[in-house]
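Beneath this line is the structure, given in structure tokens, with notes to follow.
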Amino acid sequence: MATSRCFLLLPISLNLPNCNANSSKRQRRVHNHASRITCSSTTNQSQSAKQELLNLIADQDRGLKTQKDPNKRSSIIKAIDDMAVLGSDMDTTGDSLSATWRLLWTTEKEQLFIIEKAYLFGTQTGDVLQVIDVEKKVLNNVITFPPDGVFFVRSNIEIASPQRVNFRFTSAVLRGKNWEVPLPPFGKGWFETVYLDDEIRVVKDIRGDYLVVERAPYQWTEFRSVYLDDNIRIAKDIYGDYQVCKLYSLLLERVRRQLTDSDDADAHQSTSYLF
């Protein structure tokens with residue numbers, strides 16, 4: 001029996017593959033499979049939550065209707081909070097933040113007021129944009145009034161964390177086809193992009209406002225001044241097109257005087273990052 005036992009054990013000892021190696025390989029396969037399942041599950045959750053949010057805001061006229069419907073607002077904010085949970089580990093302040101972003105929905109009262117009341121000035125609001133360049137550290141908030149009008153606010157930005165961006169306004173301009181009114185800069189604050197992908201971006205800001213934007217199918221470009229005095233401005237864009245504008249200096253001076261004389265100093269330190 002002893003000889004038989006040795007005969008049986010010897011070839012097993014010599015020829016059986018390394019059990020620890022096989023176990024390690026099986027563990028890696030299981031781990032990789034689990035990782036793929038987790039990744040797929042997370043992606044499915046993100047897509048589902050994203051579609052839920054887009055469905056909720058689809059008929060809200062960029063947020064105008066939501067102002068009069070607190071239940072709808074609560075549902076949308078809950079959907080945004082769900083997106084924030086899914087995006088909690090995202091770094092959303094890298095190169096992917098640089099883009100022309102077009103407004104889908106917001107709670108910002110100043111912006112919604114302009115969208116709603118543009119008709120009082122004989123026009124209507126077109127696309128509302130955020131144009132961000134992380135490398136150049138600039139942010140332009142833009143409201144268009146087709147075919148030729150635009151109001152935009154220039155800001156400098158600094159990356160504060162993987163999701164937070166600090167900003168400070170530097171100037172503002174209301175511009176028509178052949179005229180413009182420069183406005184003094186005011187305000188600073190921060191915003192957090194709590195979710196970001198190839199299609200949309202979801203934001204909370206310092207005032208507790210919310211913003212949902214999509215990547216615009218075009219890149220907005222500001223005309224840059226090549227000549228400027230008290231009466232006219234000559235500007236050129238990246239395509240070589242020129243624009244000549246009259247400067248309404250008297251109106252600018254009146255606005256500045258009103259701001260200087262105002263007793264409500266806090267009103268000029270707006271923390272909205274759109275206005």
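Fair warning: this is a prediction, and the values are worked out from it, not measured in the lab.
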Calculate, to the nearest 0.5 Å, the distance between atoms [atom1] and [atom2] belonging to [X] and [Y] respectively.
X: Glu108; Y: Ile114; atom1: CD; atom2: CD1; value: 10.5 Å
X: Lys137; Y: Ser155; atom1: NZ; atom2: OG; value: 15.0 Å
X: Asn140; Y: Trp220; atom1: CG; atom2: CH2; value: 5.0 Å
X: Asp61; Y: Ile115; atom1: CG; atom2: CD1; value: 8.0 Å
X: Gln51; Y: Ser46; atom1: CD; atom2: OG; value: 13.0 Å
X: Glu180; Y: Leu174; atom1: CD; atom2: CG; value: 9.0 Å

Distance alone, cut at 3.5 Å: any donor-acceptor contact between the side chains of [X] and [Y]?
X: Gln163; Y: Thr193; value: no
X: Thr170; Y: Arg154; value: no
X: Asn141; Y: Gln130; value: yes
X: Tyr218; Y: Asp127; value: yes
X: Thr107; Y: Asp209; value: yes

Exercise. Step by step, would you call Val128 with Arg62 a side-chain contact (heavy atoms from CB on, under 4.5 Å)?
Worked result: CA-CA 10 Å; Val128 179; Arg62 294 190 278 198; 3.7 Å; yes
Exercise. Quick one: which of Ile157, Asn156, Asp205 gives a side chain to side chain contact (heavy atoms under 4.5 Å, CB included) with Phe167?
Worked result: Ile157
For this session: May I ask you to test the Ile200-Val213 pair for a side-chain heavy-atom distance under 4.5 Å?
Result: no
Exercise. Side-chain contact, heavy-atom cut-off 4.5 Å: Arg102 with Pro217?
Worked result: yes
For this session: Please determine if Arg201 forms a cation-pi arrangement with Trp101, meaning its NZ or CZ atom is less than 6.0 Å from the six-membered ring centre and no more than 45° off the ring axis.
Result: yes
Exercise. What residues, two or more places apart in sequence or in another chain, satisfy side chain to side chain donor-acceptor pair (under 3.5 Å) together with Thr123?
Worked result: none
For this session: Using a strict 4.0 Å threshold on nitrogen-to-oxygen distance, state whether Glu110 and Arg207 make a salt bridge.
Result: yes
Exercise. Charged N to carboxylate O under 4.0 angstrom, Lys204 versus Glu192?
Worked result: no
Taking [X] for its side chain and [Y] for its backbone only, find out whether a donor-acceptor pair lies under 3.5 Å.
X: Asp82; Y: Ala84; result: no
X: Thr93; Y: Ile159; result: no
X: Arg215; Y: Asp197; result: yes
X: Ser75; Y: Asn71; result: yes
X: Gln60; Y: Thr66; result: yes
X: Ser74; Y: Pro70; result: yes
X: Thr100; Y: Ala216; result: no
X: Thr144; Y: Val150; result: no

Problem set entry | CA sep, side-chain torsions, deciding dist, call: Leu97, Val165, side-chain contact (heavy atoms from CB on, under 4.5 Å) | CA-CA 10 Å; Leu97 182 61; Val165 174; 4.0 Å; yes
